[in-house]
Amino acid sequence: MARTINVGTLISGGGTNLQAIIDSAGGSTNPKIDAKILFTGSDTPGVKGLDRAKKAGIDTFVVDYAGIIQSCKQGIEQGALPPDFDMGDILEKQQLVTHDSSSAVSKNRIEFFLKSRAIAEKKLLDHMLSYKIDLLVLAGFMRVLTPYFIDRLNTVPGQYRIMNIHPALLPSFPGTDGYGDTFRYGCKIGGCTVHFIDYGEDTGPIIGQKAFEIETGDTLDDVKRKGLEKEWELYPACIQKFAESF
Ligand code: GAR
């Protein structure tokens with residue numbers, strides 16, 4: 001057995017991965033992994049995953065990303081930005097969007113994106129501040145994280161502390177619809193990947209993967225069902241791997 005690690009979780013939706021982690025971590029009396037979930041945060045109010053967390057006695061909070069981004073569209077006052085926000089540093093590090101230096105529109109868009117996300121990310125960090133976590137687990141969190149947020153968790157160089165699950169066999173099919181992209185490409189094998197978060201989108205070091213066969217006649221729903229079943233096994237196993245190496 002490893003030392004029990006303290007884990008925070010972020011979700012956006014139904015939270016079936018969260019449920020798998022709760023169940024493995026001791027939602028039962030017989031924990032299968034050495035991890036304790038301290039909180040579940042969501043970028044969206046009212047999602048089912050929040051109910052799953054509450055039912056398991058886990059603290060919850062919501063940072064309403066859609067509302068924040070909408071209000072940023074009315075204009076972002078300098079004072080609304082986190083005091084330690086450094087656009088130059090973040091622009092240099094981020095690998096989420098490509099910057100066409102010849103286009104002022106592109107520059108404004110990227111800066112809006114990074115500023116509005118940092119405002120939301122600061123609110124996440126404020127909620128997380130009172131918990132001392134060893135690992136942050138993104139369990140169906142459908143937002144990218146910018147260097148503003150990542151640098152405040154990954155404080156020791158080379159030590160990754162944010163884990164994500166992606167519904168495809170990376171490096172194939174990064175982005176928002178891994179199973180859909182796998183299915184539409186006509187792949188015969190699909191899969192899921194758990195990886196650490198770095199400054200790119202779905203580019204960080206891979207921790208574990210599981211694959212499944214896509215058979216003739218399978219629908220996209222079949223692919224999603226097969227994939228999720230693999231995810232529920234893979235994610236707790238990867239958290240345990242982290243705990244054992246911690
Ligand atoms: C899962 O399929 C997960 O891989 C995916 O969202 C789903 C969440 O399901 N995550 C991403 O696409 C992250 N970019 P869940 O809420 O039932 O766990």
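Every number for a ligand or one of its atoms is a count from 1 in the order of the listing.
At a heavy-atom distance under 4.0 Å, no atom of K224 approaches ligand 1. Only the side chain of L228 comes within contact range of ligand 1, with a heavy atom under 4.0 Å; no backbone atom does.
Taking atom 3 (C) of ligand 1 as the reference point, the nearest protein heavy-atom neighbour is E231 OE1, 3.3 Å. The nearest protein atom to atom 12 (O) of ligand 1, hydrogens excluded, is given as P167 CD, 3.3 Å; this is a heavy-atom distance. Closest protein heavy atom to atom 14 (N) of ligand 1: M142 SD, 4.0 Å. In terms of protein heavy-atom proximity, atom 16 (O) of ligand 1 is nearest to G15 N, 2.8 Å. Among protein heavy atoms, the minimum distance from atom 10 (N) of ligand 1 is reached at I165 O, 3.6 Å. Ranking the protein heavy atoms by distance from atom 17 (O) of ligand 1 puts T16 OG1, 2.6 Å first.
At least one test fails for R152 against the ring of F149: distance under 6.0 Å to the centre or angle within 45° of the axis.
Distances below 4.0 Å separate heavy atoms of G14 from the following atoms of ligand 1: 16 (O).
A salt bridge links R225 with D222: the distance from a Lys NZ or Arg NE/NH1/NH2 to an Asp or Glu carboxylate oxygen falls below 4.0 Å. The existence of a salt bridge linking D126 and K122 is confirmed by a sub-4.0 Å separation between a basic side-chain nitrogen and an acidic carboxylate oxygen.
Assignment of G178 to the shell around ligand 1 is not supported, since no heavy atom sits closer than 4.0 Å.
Ring pair H195/H166 is perpendicular by interplanar angle, where above 60° counts as perpendicular and below 30° as parallel.
Between the side chains of S12 and T44, no donor-acceptor pair of N or O atoms lies under 3.5 Å. Donor-acceptor pairing under 3.5 Å is lacking for the side chains of N154 and Q159. No side-chain donor from either of T203 and Q95 sits under 3.5 Å from a side-chain acceptor of the other.
Among all heavy-atom pairs drawn from I214 and K226, the shortest one is CA-NZ, 4.4 Å.
For the pair N164 and ligand 1, the shortest N or O to N or O distance does not fall below 3.5 Å. The shortest N/O to N/O separation between N17 and ligand 1 falls below 3.5 Å.
Just one residue in the list V137, I165, N17 forms a side-chain contact (heavy atoms from CB on, under 4.5 Å) with V194, and that residue is I165.
Distances from atom 7 (C) of ligand 1 to the heavy atoms of G140, G227, S12 put G140 nearest.
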